[in-house]
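Because only heavy atoms are used, hydrogens play no part in the values below, and waters and symmetry mates are left out as well, while side chains stay in.
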Amino acid sequence: MLQDLHPGPDFESVTEPGETILWRGKPVFWPFVLHAVPMLVFGAAWGVFDAALLSKAFVAAQGNFDLFLLAFAVIHGFPAWGSLLYAAYLVLVHRNTVYAYSDRRLLLRSGVVGTRLKSIDYGRIRELDVTVGIFERLYGVGTVRVHAGRSTARGARLYDQFVSIADPYEVYRAIKGVELDGKTDWRYPNALRPAVSPGYQPELKRSA
């Protein structure tokens with residue numbers, strides 16, 4: 001799984017001297033886009049309800065053009081047309097979505113028109129897990145979620161994600177291994193690292 005990769009045009013502008021890209025991948029198209037299905041189902045149900053409600057309102061208006069009623073219909077119908085926009089967004093953003101991890105950090109690229117690059121140093125990672133949704137299971141892919149200590153105002157955890165990637169458990173294990181190696185190096189630099197840890201009987205491996 002681990003392989004030395006040239007950063008490529010995706011991340012070459014943000015990689016540092018001596019940094020090595022160990023893995024780079026893209027989300028699989030269909031399970032990535034099918035994340036919009038729950039919202040589309042909700043939007044369709046909302047749209048049916050809205051259509052019945054607004055048809056009665058327009059009939060009551062006796063065909064007269066009512067700007068207020070039209071504005072209300074557009075705003076109130078946001079869950080319906082917003083779900084379509086979200087699905088379209090996923091289709092468009094897929095082309096520019098690339099994930100990678102190096103020997104120093106995680107890297108995420110996305111964007112529809114412009115490009116958004118984000119990096120997460122291993123020292124910031126608080127939690128790392130894998131989720132596999134219904135549609136992801138059908139395609140044999142999954143999502144690696146990273147919690148880097150950020151939360152909403154209500155305390156809900158915010159996650160960065162490698163969404164719908166192939167071999168998610170292998171990627172998870174590889175990231176955990178690099179993360180552990182990095183944190184071990186920070187806590188026990190080579191010059192200070194003991195040959196034997198008093199807390200653990202096995203010898204600690206010294207990095208080259």
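In this structure, R116 has no salt bridge (charged side-chain N to carboxylate O under 4.0 Å, His left out) partners at least two apart in sequence or on a different chain. When the side chain to side chain contact (heavy atoms under 4.5 Å, CB included) test is applied to R173, the partners found at least two apart in sequence or on another chain are Y169, E170. Legend: residues meeting side chain to side chain contact (heavy atoms under 4.5 Å, CB included) with L84, ordered by chain and number and at least two apart, are L40. With sequence neighbours excluded, the residues forming a salt bridge (charged side-chain N to carboxylate O under 4.0 Å, His left out) with R157 are E127, listed by chain and number. Taking Y99 as the reference, F162 meet the ring-ring contact (aromatic ring centres under 6.0 Å, His included) condition, with sequence neighbours excluded. Listed by chain and number, the residues in a salt bridge (charged side-chain N to carboxylate O under 4.0 Å, His left out) with D103 amount to none (sequence neighbours excluded). Listed by chain and number, the residues in a side-chain hydrogen bond (donor to acceptor under 3.5 Å, both in side chains) with T97 amount to none (sequence neighbours excluded).
Sorted by first and then second residue, the pairs that involve residues 67-94 and meet side-chain hydrogen bond (donor to acceptor under 3.5 Å, both in side chains), not counting sequence neighbours, are D50-H76. Sorted by first and then second residue, the side-chain hydrogen bond (donor to acceptor under 3.5 Å, both in side chains) pairs with a member in residues 136-146 read D129-R145, E136-T143, E136-S164; sequence neighbours excluded. The side-chain hydrogen bond (donor to acceptor under 3.5 Å, both in side chains) contacts involving residues 146-155 comprise R150-D160, where partners must be two or more places apart or lie in separate chains.
Hydrophobic cluster membership for W46: F42 (Ile, Leu, Val, Met, Phe, Trp, Tyr linked by side-chain heavy atoms under 4.5 Å, directly or transitively). Side-chain contacts under 4.5 Å among hydrophobic residues (ILVMFWY), followed directly or transitively, place L53 together with F49.
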